[in-house]
Amino acid sequence: MSKYLIDKFLFTVDRDPDLVERYREDPRGTVTWWEAERANSILNCHSGEASTWLKFEDDEREALAAHDYVKLFELGAHPFLTLTLFIAMFERDYDEPLGFQLAYAARLAHFDLPYPDIAT
């Protein structure tokens, strides 16, 4: 499991408004691009070199590509990073304030303590 890399994806995309829009419109393409082009630089690999020791697992990649924040929570992605990015992408689709946050909470309501481990 590569929770650290998932959290880095969520963090770096959320900090760049262009990437937020790109991820909203083309999630699968953005995940593929980010993993191929950005992940290794974030891991401090030299240019021209690439590390395969830390990459997304198939279920992680699919959860990111499907905007499946319930699965990301289950996999141990940091819930604050997930929530803030998904608010940036989908809050505008709701008519009422906090509409997305309420939908997010409802979709995660079936989880009980202890919540999935978010340690990286």
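Sequence positions, counted from 1, serve as the residue numbers for this chain. Only a predicted model underlies this, so the values are computations on that prediction, with no experimental measurement involved. Heavy-atom basis, side chains included; hydrogens, waters and symmetry copies ignored.
- Under the 6.0 Å distance and 45° angle rule, R28 does not count as a cation-pi partner of W33.
- For D14, the side-chain hydrogen bond (donor to acceptor under 3.5 Å, both in side chains) partners at least two apart in sequence or on another chain are T84.
- The ring-ring contact (aromatic ring centres under 6.0 Å, His included) search around F80 returns none, not counting sequence neighbours.
- Rounding to the nearest 0.5 angstrom, the gap separating the OG1 atom in T82 from the CG atom in L10 is 4.5 Å.
- Of all heavy-atom pairs between H78 and I118, the closest is CD2-CD1, 3.6 Å.
- With 3.5 Å as the limit, one finds no donor-acceptor pair spanning the side chains of E57 and S2.
- Y23 places a side-chain N or O within donor-acceptor distance of the main-chain N or O of L64, the cut-off being under 3.5 Å.
- When the side-chain hydrogen bond (donor to acceptor under 3.5 Å, both in side chains) test is applied to D93, the partners found at least two apart in sequence or on another chain are R24.
- Y4 has its ring centre no less than 6.0 Å from the ring centre of F11.
- Pairing each heavy atom of L108 with each of V70, the nearest pair is CD2-CA, 3.8 Å.
- Applying the side-chain hydrogen bond (donor to acceptor under 3.5 Å, both in side chains) rule to R15 yields no partners; only residues at least two apart in sequence or on another chain are considered.
- For K71 (side chain) and A66 (main-chain N/O), no donor-acceptor pair under 3.5 Å exists by modelled atom type.
- Looking at heavy atoms from C-beta onward, I87 lies in side-chain contact with Q101 at the 4.5 angstrom threshold.
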- Message: Let's go through E25 and T30 carefully: what are the C-alpha distance in whole Å and the side-chain angles of both, what is the deciding distance for side-chain contact (heavy atoms from CB on, under 4.5 Å) to 0.1 Å, and is it a yes or a no?
- Response: CA-CA 9 Å; E25 298 302 321; T30 304; over 6 Å; no
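- The structure places CD of E21 at 10.5 Å from CG of L19, a figure rounded to the nearest 0.5 Å.
- Nearest heavy-atom pair across Y94 and A103 is OH-CB, 3.6 Å.
- Closest approach of A65 and V31 over heavy atoms only: N-CG2, 4.0 Å.
- With sequence neighbours excluded, the residues that form a side-chain hydrogen bond (donor to acceptor under 3.5 Å, both in side chains) with R61 are E35, D58.
- Checked against the 6.0 Å centroid threshold, F86 and Y104 do not count as a close aromatic pair.
- A salt bridge is absent between E74 and R107; no separation between the charged side-chain nitrogens and carboxylate oxygens falls under 4.0 Å.
- To the nearest 0.5 Å, atom CG of residue L72 and atom CG of residue L85 are 9.5 Å apart.
- Side-chain N or O atoms of S41 include one that pairs as donor or acceptor with a backbone N or O of R38 at under 3.5 Å.
- Here the straight-line distance linking atom OH of Y69 with atom CG of L75 works out to 15.0 Å at 0.5 Å rounding.
- Residues D16 and R22 form no side-chain contact, since every pair of their non-hydrogen atoms from C-beta on lies 4.5 Å or further apart.
- Residues that satisfy the ring-ring contact (aromatic ring centres under 6.0 Å, His included) test with F56, not counting sequence neighbours, are W34.
- Using cut-offs of 30° and 60° for the angle between ring planes, the F90 and F100 rings count as tilted.
- Residues V20 and V13 approach most closely at CG2-O, 3.2 Å, considering heavy atoms.
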